[in-house]
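Counting convention: from 1, in listed order, for ligands and their atoms alike. For clarity, every value in this text was computed on a predicted model and none was experimentally measured.
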Amino acid sequence: MFDYLVVGAGFAGATIAERLASRSGKTVLICDRRPHIGGNAYDHYDDAGILVHKYGPHIFHTNSREVFTYLSRFTDWHPYQHRVQAWVDGRLVPIPINLDTINALYGTSFTSLQLADFFKSMAEPRSAIRTSEDVIVSQVGRELYEKFFRNYTRKQWGLDPSELDAAVTARVPVRTNRDDRYFTDAYQAMPRHGYTRMFERMLAHRNIKVLLNTDYREIEGSVLYDEVIFTGPIDEYFDYQFGRLPYRSLEFRFETLHTPREQPVAVINYPNDNLYTRVTEFKHLTGQEHAKTTRVYEYPQAEGDPYYPIPRAENMTLYRKYQELADATPGVHFVGRLGTYKYYNMDQVVAQALTTFAKIAGVRRAECVAS
Ligand SMILES: Cc1cc2nc3c(=O)[nH]c(=O)nc-3n(C[C@H](O)[C@H](O)[C@H](O)COP(=O)(O)OP(=O)(O)OC[C@H]3O[C@@H](n4cnc5c(N)ncnc54)[C@H](O)[C@@H]3O)c2cc1C
């Protein structure tokens, strides 16, 4: 008999399981249908001995001191500032677009002030910013939008940016300085020994039992528990009774090269006709020293594992129907990217899981990470 069944051993499930066990002394069974813990953040050493992320590159960054401090209990960190370049007009240039990007592409030698004027001269004013296209075109105009964003977004989401919520491209800033970091968050680092090791430490509590290769439906009738934390797809939990929530998927193709380093930065974006969107060389992220190197190519797919909730108004309307059902289902708490159909980063999922734990445990949010 367990106090809680936690479905899914990713960031959402592991955070709640750890808190319920350590902070509240509850007994927890955590199951995952995959053969490993860590959810989409799972990493492992490949055949060449290089630490890779099975489900694509995961870069940790957050402005939340609380989330960073909480996770620091389970890992040391390898300092890492993420950098990305895009293959545009036959050359590699920094993305987010910055001063160096424009000067390289147009052969100019603008200063920051001149670049601000250049963007203004290119921008198309929009009365309201509703879609991803509006976000970019209103800042830098159609030409740069076509070069950097349109094809990339169409490949990634299978939709034109004009059909996607503003939130999608609003994640990528446009800069007039030379800052070529992808993120500007206060905390940016990678777990020193990898995500999986961190998850192992989160779940290494005597009150937590981990069951892998197990869909919760296989055990729901045979294991006793009081309440459920569900971090899988919410529409699947309710047997798709209002229809399927759309997700975008990816196929990953890994390659190992007999060279210590292949790319100038961790990620190269391909906003053009190639079928893949980006190529990541893991050693940049992890700092691993090795004579060989492994890269992963990402090919967006309509079918497959549900990786990305698709941010569109009509999808949110459908999600809200499931959310109402979830609110009316006692004893089951929905958390995480799939459980709440939110395009959340890892730190946001941890913060959401901590909030849910605080509610369940009846403690103040600020107190929920006290051990
Ligand atoms: C390609 C890619 C790159 C990303 N890069 C970043 C990044 O750089 N930085 C960042 O902050 N975030 C990134 N993210 C987002 C990050 O992966 C998520 O925020 C985070 O992993 C979500 O954690 P979660 O626990 O909500 O979900 P998940 O990690 O998806 O975990 C849910 C788990 O539930 C299990 N499950 C589902 N249904 C069942 C069931 N019926 N029975 C048993 N188990 C079940 C699944 O197998 C899965 O392991 C990226 C996501 C993707 C797809």
**Fill in**
heavy-atom search around atom 44 (N) of ligand 1 in the protein gives R33 N, 3.2 Å
**Message:** Please confirm whether the ring centroid of F238 lies under 6.0 Å from the ring centroid of F334.
**Reply:** yes
**Closest protein heavy atom to atom 17 (O) of ligand 1, given as residue, atom name and distance to 0.1 Å** = H58 NE2, 2.7 Å
**Prompt:** Could K26 and Y4 be counted as a cation-pi pair, given that NZ or CZ must be under 6.0 Å from the ring centre and within 45° of the axis?
**Reply:** no
**Complete:** Among non-hydrogen protein atoms, atom 7 (C) of ligand 1 lies closest to I59 N, 3.4 Å
**Request:** Give a yes-or-no answer on whether the side chains of T196 and D43 include a donor-acceptor pair shorter than 3.5 Å.
**Result:** yes
**Message:** Would you call the rings of Y195 and H58 parallel, tilted or perpendicular, taking 30° and 60° as the class edges?
**Reply:** perpendicular
**Asked** Given D185, D32, V335, T214, which one has a non-hydrogen atom that is nearest to atom 48 (C) of ligand 1?
**Response** D32
**Shortest protein contact, atom 34 (O) of ligand 1 (heavy atom only)** = G8 CA, 3.2 Å
**Asked** When you look for heavy atoms under 4.0 Å from ligand 1, do you find them on the side chain of V349, its backbone, both, or neither?
**Response** side chain
**Message:** Please classify the A14 to ligand 1 contact at 4.0 Å (heavy-atom distances, strictly less than): side chain, backbone, both or neither.
**Reply:** neither
**Distance filter under 4.0 Å to L250 heavy atoms, resulting ligand 1 atoms** = 1 (C)
**Message:** I want to check something: taking the side chain as every heavy atom from C-beta on, are Y297 and F254 in contact at a cut-off of under 4.5 Å?
**Reply:** no
**Request:** Among all protein heavy atoms, pick out the one at the shortest distance from atom 5 (N) of ligand 1; state its residue, atom name and that distance to 0.1 Å.
**Result:** P57 O, 3.1 Å
**Item:** Y42 ring center within less than 6.0 Å of H44 ring center
**Value:** yes
**Prompt:** Under a 4.5 Å cut-off applied to non-hydrogen side-chain atoms, are D89 and K147 in contact?
**Reply:** yes
**Prompt:** Does the protein place any heavy atom closer than 4.0 Å to atom 30 (O) of ligand 1?
**Reply:** yes
**Message:** So if I count the atoms of ligand 1 from 1 in the order they appear, which ones are less than 4.0 Å from some heavy atom of G39?
**Reply:** 29 (O), 31 (O), 49 (O)
**Prompt:** Looking only at N/O atoms, are D347 and ligand 1 under 3.5 Å apart anywhere?
**Reply:** no
**Message:** Check contact between Y308 and ligand 1, using heavy atoms of the residue and a distance below 4.0 angstrom.
**Reply:** yes
**Message:** Assess whether a salt bridge exists between E255 and R295, defined as any Lys/Arg side-chain N lying under 4.0 Å from an Asp/Glu carboxylate O.
**Reply:** yes
**Request:** Using distance alone, decide if ligand 1 has a nitrogen or oxygen within less than 3.5 Å of any nitrogen or oxygen in E298.
**Result:** no
**Fill in**
shortest atom 25 (O) of ligand 1-to-protein heavy-atom contact is with A12 N, 2.9 Å
**Request:** Check for a donor-acceptor pair, side chain of R248 on one end and backbone N or O of Q156 on the other, with a separation under 3.5 Å.
**Result:** yes
**Message:** Counting only nitrogen or oxygen atoms and a 3.5 angstrom limit, does F11 reach ligand 1?
**Reply:** yes
**Prompt:** Can you find an N/O atom of G232 closer than 3.5 Å to an N/O atom of ligand 1?
**Reply:** no
**Message:** Using the rule given for side chain to side chain contact (heavy atoms under 4.5 Å, CB included), can you reason through T317 versus R320, listing the C-alpha separation, both sets of side-chain angles and the distance that settles it, and then say yes or no?
**Reply:** CA-CA 5 Å; T317 306; R320 272 192 285 277; 4.1 Å; yes
**Item:** Check: Y106 ring centroid to F118 ring centroid under 6.0 Å
**Value:** yes
**Message:** Geometry only, no angles: is F60 polar-contacting ligand 1 at N/O separations under 3.5 Å?
**Reply:** no
**Request:** Before signing off on this row, confirm whether M346 and ligand 1 have an N or O atom pair separated by under 3.5 Å.
**Result:** yes
**Message:** I'd like to check which ligand 1 atoms, numbered from 1 as shown, lie under 4.0 Å from a non-hydrogen atom of Y55.
**Reply:** 1 (C), 2 (C)
**Asked** Using heavy atoms and a threshold below 4.0 Å, how should the contact between Y216 and ligand 1 be classified: side chain, backbone, both, or neither?
**Response** both
**Message:** Could you check, using the six-membered ring where one of them is a Trp, whether Y55 and H53 have ring centers closer than 6.0 angstrom?
**Reply:** no
**Prompt:** Judging by distance only, is a nitrogen or oxygen of H61 under 3.5 angstrom from one on ligand 1?
**Reply:** no
**Asked** If we only count N/O pairs under 3.5 Å, is N40 in contact with ligand 1?
**Response** yes
**Message:** As an exercise, identify every atom of ligand 1 less than 4.0 angstrom from a heavy atom of Y307.
**Reply:** 53 (C)
**Fill in**
For L338 and P306 the tightest heavy-atom approach is CD2-O, 3.4 Å
**Asked** Using 4.0 Å as the upper bound for N to carboxylate O, is an ion pair formed by R142 and E124?
**Response** yes
**Message:** Using a 4.0 Å cutoff against the non-hydrogen atoms of G336, which atoms of ligand 1 qualify?
**Reply:** 26 (O)
**Prompt:** Does NZ or CZ of R65 lie under 6.0 Å from the centre of the six-membered ring of F68, at an angle within 45° of the ring axis?
**Reply:** no
**Request:** List every atom of ligand 1 that sits less than 4.0 Å from any heavy atom of R34, numbering the atoms from 1 in the order shown and giving each element.
**Result:** 47 (O), 48 (C), 49 (O)
**Asked** N/O of L338 under 3.5 Å from N/O of ligand 1, yes or no?
**Response** no
**Distance filter under 4.0 Å to Y344 heavy atoms, resulting ligand 1 atoms** = 15 (C), 18 (C), 19 (O)
**Request:** May I ask you to establish whether R337 and Y344 are in a cation-pi arrangement, using a distance under 6.0 Å from NZ or CZ to the six-membered ring centre and at most 45° from the ring axis?
**Result:** no
**Request:** Specify the protein heavy atom at minimum distance from atom 40 (C) of ligand 1: its residue, its atom name, and the distance to 0.1 Å.
**Result:** V7 CG1, 3.6 Å
